[in-house]
Q: 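Starting off with a structure, shown below.
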Amino acid sequence: MTIDLQALVQPDRVHKRVYTDPAIFELEMDRVFGQAWLYVGHESQVPNIGDYFTTRLGREPVVMVRHTDGAVNVLYNRCPHKGAKIVPDGSGSAGKFLRCLYHGWTFKCDGSLLSVPLRSGYEDTALDLKAQQHSVRKVARVASHRGFVFASLAEEGLELVEFLGGVATSLDNFCDRAPDGEVEVAGGVQRVIQRNNWKIFFENLHDTIHAVATHESSWRAAKEEFESMPAGTPKPFEVVIVDGNGEPLEFWEKLELKGYDHGHGFMEGIFVPPTDPVSLAYVAALQAKQGEARADQILRVNRHNTIVYPSCSPHTSFQQIRVIRPLSVDRTLVEIFSFRLKGAPEATFQRTLKYTNIVNSPSSNVMPDDLEAYNRVQEGLASDGGDWVSMHRGMGRDQPLPGGRSSNGNSEMPPRNMFAAWASYMGVQTGAAE
Amino acid sequence: MNFNDWQEQQDITKFLFNEARLLDEHRWDEWLRLFTPDGLYWVPLVHGQTDYLNHASLFCEDALLRSMRARRLEQARAYSQQPPTRTVHVLGNISLESRTEAGCVVRSTFHLVEWRKTEQRAFGGSVLHTLRREGAEWRIEMKRVELVNCDAPHEALQVFM
Ligand code: FES
Ligand SMILES: [Fe+2]
């Protein structure tokens with residue numbers, strides 16, 4: 001059965017099947033995840049030669065590994081002999097070589113075959129040990145932007161920096177915020193299982209207006225907590241990052257949303273930079289290293305979630321990256337990596353972890369209501385109660401930007417922008433996002 | 001290490017059973033009052049985790065965060081608590097880990113059955129209670145819940161374990 005994708009996507013609405021049809025999910029793995037640059041990890045996760053970190057790019061299990069020449073390679077985690085995964089899931093050190101557990105074939109950390117046991121057994125056979133196909137296959141393209149490693153399963157396509165377009169500045173600011181200009185992954189990874197299509201999660205990242213409704217339970221609890229404190233108590237960081245969701249719709253309206261080609265975008269920071277002692281000490285450390293003028297310039301780039309479609313969402317002001325890994329049409333894994341700003345006081349990193357624990361973790365006070373909303377959407381879409389999903393709000397009012405478009409905070413420009421990219425990966429036309 | 005006598009063992013066992021019951025009956029206010037003002041409720045993210053400041057956790061909640069969570073669970077519009085999570089704790093293997101002047105550390109194991117909406121989940125692990133004696137009462141200085149599957153990907157974890 002062929003699917004008429006063209007009939008499912010229009011500039012201002014999409015058919016529910018794009019969220020519920022397992023066949024469309026498989027096509028997405030080929031066409032969206034098979035073409036785009038996907039976030040793999042950060043170079044600091046493999047600091048030494050032989051260090052590895054495994055993940056998946058779409059359906060493909062891959063391993064990021066540091067070679068003896070210092071380069072970071074991304075290989076398919078599959079032995080060219082009989083197919084075993086060469087390194088176990090997770091991260092660790094492979095030593096100088098990758099050695100398959102099954103029959104002991106050994107590879108350099110760039111995947112090239114080094115030796116096989118019983119070499120004589122292959123003499124006069126059709127199997128040529130020098131041939132490329134007996135090395136671990138490299139992912140087609142790998143590139144790094146300031147330590148953030150991306151890979152593409154497609155041989156051809158844009159350079160990484162062209163692909164990133166306007167959101168490259170979010171990754172730059174992520175690093176610039178470190179007094180030493182560099183960041184590193186630290187403090188463990190949180191994992192959340194969601195019962196929803198991966199696109200529902202992405203679309204929610206810039207769905208500003210849901211916060212006041214969906215998160216009422218958490219922002220009300222935070223506000224009540226603060227009200228019960230003695231008058232004059234400075235608002236604790238824990239309260240600031242939760243009660244912000246309770247801002248009225250006029251507040252969100254004033255925020256600017258930016259959408260860039262290929263589905264990316266970002267949303268302005270929703271928190272006034274916090275003034276708790278930890279945050280102030282951090283600003284002082286940045287100023288001491290970078291000078292006041294430069295520090296001011298860096299901190300003025302104040303962003304909430306950035307979308308790097310279709311694989312991750314960095315949060316630059318509290319230093320995390322959420323990596324989105326579709327598992328099936330209605331199940332998605334989100335992995336949350338925290339980063340340390342090199343040269344910042346230790347307490348700054350502890351503040352980052354607080355944000356991770358309180359806002360993003362499976363046990364946060366905020367996420368469960370999102371998960372409930374996503375799940376009700378997924379279940380509702382499977383019903384016969386209607387066929388279309390609306391993205392009409394603010395249609396026709398976007399302002400052009402170089403390589404993109406901007407809108408006010410209440411517009412549904414971001415999902416329209418993401419679907420324009422989705423359609424182009426899938427080989428159909430929506431017309432432009434605007 | 002052993003309990004001093006049957007009475008002490010009985011005393012601590014009753015304290016733990018009562019704590020579990022408060023949680024299972026959603027008597028959050030009474031549960032919050034079991035903690036010392038600087039008490040910590042901690043569910044590590046990885047096995048053998050020693051640090052909750054420089055490493056992410058599943059729960060790492062001081063008085064403010066515990067109270068915020070309890071308040072949230074009670075909100076009329078806590079959508080992910082429609083219907084509320086129901087739990088039952090089964091405790092076992094209660095033993096004395098160590099003793100200090102002010103109190104003691106008690107280790108127990110637990111099985112937690114959780115039900116919400118359409119599904120039952122099971123959690124299990126051990127708990128280290130650092131207890132402080134306050135007159136005739138015990139107070140919790142630290143409740144460290146070590147889940148067997150702490151590092152697994154989880155769906156929402158909403159109620160205290
Ligand atoms: S499968 Fe790897 S050496 Fe045989
Ligand atoms: Fe949300």
Side-chain angles (χ1 to χ4, degrees), chain A residues 90 186-195 213-226 228-229 236-239 242-243 320 325 327 333-338 340 346-347 349-350 352-358 360-373 375-376, chain B residues 28 32 40-85 114 116-119 121 123 145 147 149-161:
Chain A
V189 42
Q190 304 258 22
R191 295 189 172 86
V192 189
I193 294 274
Q194 312 189 337
R195 298 184 184 215
T214 308
H215 298 305
E216 182 172 330
S217 69
S218 58
W219 61 253
R220 263 194 208 286
K223 277 195 206 303
E224 285 172 15
E225 201 58 51
F226 185 54
S228 76
M229 291 176 188
F237 179 72
E238 292 87 336
V239 173
V242 176
D243 79 351
Q320 26 239 285
R325 289 171 51 186
L327 301 176
L333 171 65
V334 173
E335 298 189 307
I336 306 135
F337 293 86
S338 301
R340 181 183 273 123
E346 238 351 56
F349 178 58
Q350 294 166 2
T352 293
L353 292 177
K354 234 175 215 181
Y355 187 86
T356 307
N357 284 348
I358 297 172
N360 290 333
S361 80
S363 48
S364 89
N365 280 331
V366 181
M367 275 296 287
D369 290 316
D370 281 318
L371 298 179
E372 181 71 14
N375 185 231
R376 291 198 206 173
Chain B
W28 313 123
L32 295 177
L40 186 73
Y41 168 71
W42 183 25
V43 184
L45 177 64
V46 293
H47 240 72
Q49 187 173 334
T50 52
D51 188 341
Y52 50 80
L53 289 175
N54 298 292
H55 196 286
S57 299
L58 285 176
F59 295 76
C60 180
E61 306 201 338
D62 58 10
L64 167 62
L65 289 174
R66 287 194 300 273
S67 173
M68 256 166 74
R69 177 179 300 275
R71 277 182 203 272
R72 185 189 89 78
L73 292 169
E74 308 256 278
Q75 296 287 330
R77 293 188 177 150
Y79 300 104
S80 53
Q81 284 294 291
Q82 298 172 345
T85 305
E114 222 194 71
R116 195 181 98 76
K117 238 158 91 165
T118 56
E119 230 153 286
R121 293 194 289 185
F123 296 95
V145 181
L147 284 178
N149 65 340
C150 54
D151 46 5
H154 293 287
E155 294 193 34
L157 305 171
Q158 300 196 63
V159 296
F160 302 99
M161 298 201 150

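Atom set for the values below is all heavy atoms of this structure, side chains included, hydrogens, waters and symmetry mates excluded.
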Q: Might you point out which heavy atoms bring Arg191(A) and Asp151(B) nearest each other, and give the distance in Å?
A: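 So the minimum-distance heavy-atom pair works out to NH1-O, 4.1 Å.
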
Q: Where on Thr214(A) is there a heavy atom nearer than 4.5 Å to chain B: the side chain, the backbone, both, or neither?
A: backbone

Q: Using a cut-off of under 4.5 Å on heavy-atom pairs, state which of Gln49(B), Glu74(B), His154(B) scores highest against chain A.
A: His154(B)

Q: If you define the side chain from C-beta out and look only at heavy atoms, does anything of Pro362(A) sit under 4.5 Å from Leu58(B)?
A: yes

Q: Test of understanding: with side-chain hydrogen bond (donor to acceptor under 3.5 Å, both in side chains), list the residues that count as partners of Ser217(A), not counting sequence neighbours.
A: Asp369(A), Arg72(B)

Q: Arg77(B) and His215(A): side-chain contact (heavy atoms from CB on, under 4.5 Å), yes or no, with the steps?
A: CA-CA 8 Å; Arg77(B) 293 188 177 150; His215(A) 298 305; over 6 Å; no

Q: If the condition is side-chain hydrogen bond (donor to acceptor under 3.5 Å, both in side chains), which residues does Glu372(A) pass it with, not counting sequence neighbours?
A: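 Per chain and number, Glu372(A) pairs via side-chain hydrogen bond (donor to acceptor under 3.5 Å, both in side chains) with Arg376(A), Arg116(B), Lys117(B).
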
Q: Go through Glu216(A) and Gln75(B) one step at a time and tell me if the side-chain contact (heavy atoms from CB on, under 4.5 Å) criterion holds.
A: CA-CA 8 Å; Glu216(A) 182 172 330; Gln75(B) 296 287 330; 5.6 Å; no

Q: At a heavy-atom separation under 4.5 Å, does Ile336(A) approach chain B through its side chain, its backbone, both, or neither?
A: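 For Ile336(A), neither part sits under 4.5 Å from chain B.
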
Q: Within the supplied structure, the quantity of interest is the number of heavy atoms (other residues, nucleotides, ligands) at a distance under 6.0 Å from Tyr41(B) OH; does it exceed 12?
A: yes

Q: With a 4.5 angstrom heavy-atom cut-off, which part of Asp51(B) approaches chain A: side chain, backbone, both or neither?
A: neither

Q: In terms of heavy-atom pairs under 4.5 Å with chain B, which of Glu346(A), Glu224(A), Arg340(A), Lys354(A) leads?
A: Glu224(A)

Q: Would you say the side chain of Arg71(B) lies within less than 4.5 Å of the side chain of Ser228(A), judging by non-hydrogen atoms?
A: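 Answer yes - side chains close enough.
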
Q: Leu45(B) and Gln190(A): side-chain contact (heavy atoms from CB on, under 4.5 Å), yes or no, with the steps?
A: CA-CA 8 Å; Leu45(B) 177 64; Gln190(A) 304 258 22; 3.8 Å; yes

Q: Side chain from CB out, backbone as N, CA, C, O: work out which of these in Gln158(B) comes under 4.5 Å of a heavy atom of chain A, or both, or neither.
A: side chain

Q: Using heavy-atom distances under 4.5 Å, tell me whether Ser338(A) contacts chain B through its side chain, its backbone, both, or neither.
A: neither

Q: Give, as side chain, backbone, both or neither, the part of Val189(A) having an atom under 4.5 angstrom from any heavy atom of chain B.
A: backbone

Q: Looking at chain B, which one of Ala221(A), Ala186(A), Ala213(A), Ala373(A) has the largest number of heavy-atom pairs inside 4.5 Å, strictly under?
A: Ala221(A)

Q: Report the C-alpha distance between Leu64(B) and Met229(A) in whole Å, list the side-chain angles of each, state the deciding distance to 0.1 Å, and finish with yes or no for side-chain contact (heavy atoms from CB on, under 4.5 Å).
A: CA-CA 10 Å; Leu64(B) 167 62; Met229(A) 291 176 188; 3.5 Å; yes

Q: With a 4.5 Å heavy-atom cut-off, do Glu238(A) and Asp62(B) have their side chains touching?
A: yes

Q: Hydrogens and angles aside, do Ser67(B) and Glu225(A) bring a side-chain donor and acceptor to less than 3.5 Å of each other?
A: yes

Q: Mind checking the CD-OG spacing from Glu155(B) to Ser363(A)? Nearest 0.5 Å is all I need.
A: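 Glu155(B) CD to Ser363(A) OG: 13.5 Å, rounded to 0.5 Å.
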
Q: Quick one: closest heavy-atom pair of His55(B) and Leu353(A), and the distance?
A: N-CD1, 3.1 Å

Q: Is there a donor-acceptor pair under 3.5 Å between the side chain of Asn357(A) and the backbone N or O of Ser57(B)?
A: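 Looks like yes, one N/O pair under 3.5 Å.
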
Q: Given heavy-atom pairs under 4.5 angstrom as the criterion, report whether the side chain, backbone, both or neither of Asn375(A) touches chain B.
A: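 Just the side chain, heavy atoms under 4.5 Å.
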
Q: Could you tell me which non-hydrogen atom of Ala156(B) sits nearest to which non-hydrogen atom of Pro368(A), and how far apart they are?
A: CB-CB, 4.0 Å

